Amino acid sequence: MNQIMHRTRNSMPEKKRIELAAMLNQSLADTLDLYNQAKQAHWNIKGQNFIAMHKLLDDLAEGLVEQVDIIAERVTGLGGTAYGTTQHIAQATHLRAYPLDIFAINDHIEHLTQNIAILGEMTRTNIDKTDELDDFGTNDLYIDLIRFLDKYMWFLEAHIQK
Ligand SMILES: [Fe+2]
């Protein structure tokens with residue numbers, strides 16, 4: 001994806017900022033996709049543990065939307081352009097498509113944790129990459145994101161573990 005860049009006095013070389021903008025825009029698409037999936041589950045789950053899970057999924061969605069805003073504003077803060085439209089996300093996301101015909105809590109946990117794992121793996125890679133690029137601002141963003149994803153992986157998996 002071509003990164004539309006803007007003139008800035010930011011002292012980081014443009015080549016580096018373009019690389020970071022591309023990385024962050026990928027994370028933006030994936031995190032927005034996961035946000036939509038969390039809401040999809042929040043609205044449609046059925047089962048004995050409904051209310052607890054309904055609320056937990058809304059906390060997940062709320063946390064993701066905060067992360068989304070931080071990611072998008074890091075793109076623009078580096079002189080880039082944030083790509084957040086539904087049409088763009090649909091073609092850019094690296095997550096697995098979320099089924100529309102699942103309802104059982106365990107099925108939602110299965111699909112959400114699969115995608116949290118995919119985003120988590122990419123986030124860990126981006127922690128290393130931003131460290132190599134000496135961009136500690138973006139590195140810190142990814143460290144915060146991985147702590148959040150690891151926490152919700154635990155919250156969700158605890159429902160199906162014994
Ligand atoms: Fe709601």
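Model, not experiment: these values are computed from the prediction. When a ligand or atom number is given, it counts from 1 through the structure's own listing order.
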Open item on the list: Closer than 2.8 Å to the Fe ion (ligand 1), what protein N/O/S atoms do you find?
Closed with: H42 NE2
- [ ] Using only heavy-atom distances, determine whether the side chains of N36 and Q40 contain a donor-acceptor pair under 3.5 Å.
- [x] no
Open item on the list: Over 60° means perpendicular and under 30° means parallel, so tell me whether H42 and H54 are parallel, tilted or perpendicular.
Closed with: parallel
Open item on the list: With no hydrogens and no angle check, just 3.5 Å: does a side-chain donor-acceptor pair link T113 and Y152?
Closed with: no
Task: NZ/NE/NH1/NH2 to OD/OE distance under 4.0 Å, D58 and K39 - done: yes
TODO: Search all heavy atoms of T31 against all heavy atoms of Q67 and return the closest pair with its distance.
DONE: CG2-CB, 4.3 Å
Open item on the list: I'd like to check the side chain to side chain donor-acceptor pair (under 3.5 Å) partners of N115; sequence neighbours left out, ordered by chain and number.
Closed with: Q37
